[in-house]
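Report on the following structure.
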Amino acid sequence: MPTLRQFEAYLTVVDEGSFTRAAQQLGVSQPGLSQQVAALERELGASLFSRLPRSVSLTPTGRALLPHARASVDAAARATTAARSVAGTSAGELRIAAVYSVGLGLLPGVLTRWRADHPGVGVRLLEHRTAETLTAAMQGGQADVGIGPTPAGWRGRVRILGTEELVVLLPAQGPPDVRGHEIDLSRLADVAWVQYGPGHELSAELDAAAQAAGFRPKVAVRTEQTAMAPQLVDAGIGPALVPAGIVPSSFGGRIARLVPRAERELAATTGPEPDTLTSRFVALLARSAVLMPPHVAERLS
């Protein structure tokens with residue numbers, strides 16, 4: 001009989017569109033993920049995916065299985081939530097979904113406080129490249145709380161965390177000059193940027209801001225890791241657009257605000273009736289989330 005773990009592996013490949021990204025999402029090796037899917041295919045006696053050079057597509061069997069696998073995983077998630085509500089909050093696991101660019105800045109400090117107060121509660125962090133995949137994961141019952149840009153039309157609970165500012169990081173040396181800690185993005189039309197991989201949330205943010213300024217950004221380096229961008233800028237590769245919250249205190253380059261400013265509202269989302277454990281975490285997140293670190297604010301003042 002198929003297991004929930006096999007269904008989760010199959011559904012993550014469907015949602016991510018590739019075995020490589022699905023393995024990264026689940027925090028397992030790609031061979032391990034492939035073994036889970038292969039075991040499920042043996043159990044069903046049919047292939048679920050057509051393997052393409054750069055992606056995968058569902059076979060007829062894979063399409064037929066999809067709604068039933070989601071229903072099974074959703075039912076297991078609801079059962080877990082119900083059990084937690086009865087058992088209290090001294091143990092268990094909290095599943096947190098966040099987009100890459102948000103989790104990196106917000107979560108380390110919040111999770112330090114959370115672990116101090118709830119040492120018996122495990123935390124599973126599920127990171128997503130875009131707000132769309134995060135919302136889909138929440139709708140599919142894959143996480144207890146989602147953290148990212150405020151989703152439109154969310155049917156559960158939404159706790160606004162505040163407005164996050166996106167800033168431009170520039171190497172310590174080189175054009176253009178930054179006066180008053182502000183810069184018009186059009187002045188960076190001719191330089192090559194530290195950009196993110198296609199589909200990354202911040203890649204879309206930079207493309208949209210550049211389009212509004214009348215240009216398409218040139219690319220020096222693409223990275224999938226948000227935390228890598230400040231390091232590449234520090235190395236002199238080029239500018240990068242990053243959330244203020246991820247800029248390390250050790251960053252040695254220049255920091256500038258965009259004119260006009262680039263901002264996005266962040267929120268924590270849950271289901272319509274979150275359990276006690278989830279509600280406590282959201283309350284802590286709302287109290288403790290730092291969207292503009294003091295060391296960044298000081299350099300922009």
Side-chain angles (χ1 to χ4, degrees), residues 16-18 20-21 24 52-55 98-105 127-136 148-152 163-248 251-266 291-292 296 299-300:
E16 293 294 328
S18 89
T20 300
R21 290 195 296 271
Q24 293 172 345
L52 305 174
R54 294 183 179 274
S55 63
V99 294
Y100 290 154
S101 57
V102 172
L104 178 63
E127 296 177 284
H128 291 265
R129 304 174 79 203
T130 69
E132 287 75 16
T133 60
L134 167 64
T135 299
T150 304
T163 300
E164 176 185 59
E165 184 173 357
L166 303 178
V167 298
V168 174
L169 303 185
L170 299 121
Q173 304 296 327
D177 293 332
V178 177
R179 298 177 181 177
H181 307 292
E182 293 184 336
I183 190 169
D184 189 311
L185 199 62
S186 62
R187 297 181 63 199
L188 297 169
D190 294 328
V191 302
W193 287 74
V194 173
Q195 175 60 297
Y196 304 91
H200 193 290
E201 187 78 15
L202 289 177
S203 177
E205 293 281 359
L206 175 56
D207 287 343
Q211 183 178 13
F215 71 96
R216 182 175 181 178
K218 300 176 182 177
V219 178
V221 175
R222 286 193 183 271
T223 177
E224 291 289 344
Q225 303 299 323
T226 310
M228 180 64 71
Q231 299 181 46
L232 294 172
V233 176
D234 237 348
I237 302 299
L241 184 70
V242 304
I246 77 156
V247 181
F251 178 69
R254 295 167 289 165
I255 307 176
R257 279 193 163 108
L258 285 179
V259 180
R261 291 191 183 183
E263 298 175 330
R264 58 182 182 177
E265 185 180 73
L266 300 183
L291 302 183
M292 175 59 75
V296 177
R299 293 183 61 176
L300 290 173

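Values reported hereafter were calculated over all heavy atoms of this structure, with side chains retained and with hydrogens, waters and symmetry mates removed. Please read these numbers as outputs of a predicted model, since none were measured by experiment.
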Q) Minimum heavy-atom separation for A213 to L185, with atom names? A) CB-CB, 4.1 Å

Q: Find the distance between OG1 (T163) and CD (E263) and round it off to the nearest 0.5 Å.
A: 6.0 Å

(Q) Could you walk me through whether L134 and E201 satisfy the side-chain contact (heavy atoms from CB on, under 4.5 Å) test, starting with their C-alpha distance in whole Å, then the side-chain angles of each, then the deciding distance to 0.1 Å, before giving a yes or no? (A) CA-CA 11 Å; L134 167 64; E201 187 78 15; over 6 Å; no

Q) Less than 4.0 Å between a side-chain N and a carboxylate O, is that true for R257 and E182? A) no

Q: Report the residue from L241, T226, V242 that forms a side chain to side chain contact (heavy atoms under 4.5 Å, CB included) with S101.
A: T226

Q) Given the rule in the side-chain contact (heavy atoms from CB on, under 4.5 Å) test, do W193 and L188 qualify, once you have shown the distances and angles that lead to the verdict? A) CA-CA 9 Å; W193 287 74; L188 297 169; 3.7 Å; yes

Q. Can you name the closest pair of heavy atoms from M228 and T223 and give their distance?
A. CB-OG1, 3.5 Å

Q. Should V102 and R264 count as side-chain neighbours, where that means a heavy-atom distance under 4.5 Å?
A. yes

Q: Without swapping roles, check the side chain of R254 against the backbone of P171 for a donor-acceptor pair under 3.5 Å.
A: yes

Q.
Are S203 and R222 packed together at the side-chain level, in the sense that at least one heavy-atom pair is separated by less than 4.5 angstrom?
A. yes

Q | Least distance between heavy atoms, V296 atom then A244 atom | A | CG2-O, 3.6 Å

Q. Which atom pair, heavy atoms only, marks the closest approach of E16 to R21?
A. O-NH2, 2.7 Å

Q) So with a 6.0 Å cut-off around CD of Q225, is the heavy-atom count from everything else above 12? A) no

Q: Look only at the side chain of D234 and the backbone of G253, and say whether a donor-acceptor pair between them is shorter than 3.5 Å.
A: yes

(Q) Would the distance check show the side chain of R129 and the main-chain N or O of P198 forming a donor-acceptor pair, the cut-off being under 3.5 Å? (A) yes

**Q.** Min side-chain heavy-atom separation D207-P217 under 4.5 Å
**A.** yes

Q: Compare all side-chain heavy atoms of L206 with those of L166 and state whether any distance is below 4.5 angstrom.
A: no

Q | For G105 against I246, the heavy-atom pair lying closest together | A | N-CG2, 3.8 Å

Q: Please report the shortest heavy-atom distance between L170 and A256, naming the atom on each side.
A: CD1-CB, 4.3 Å

Q: Quick one: sort the H200 and Y100 rings into parallel, tilted or perpendicular, breaks at 30° and 60°.
A: tilted

Q: Could you give me the CA-CA distance, side-chain angles and deciding distance for L258 and V168, then say whether side-chain contact (heavy atoms from CB on, under 4.5 Å) is met?
A: CA-CA 7 Å; L258 285 179; V168 174; 3.3 Å; yes

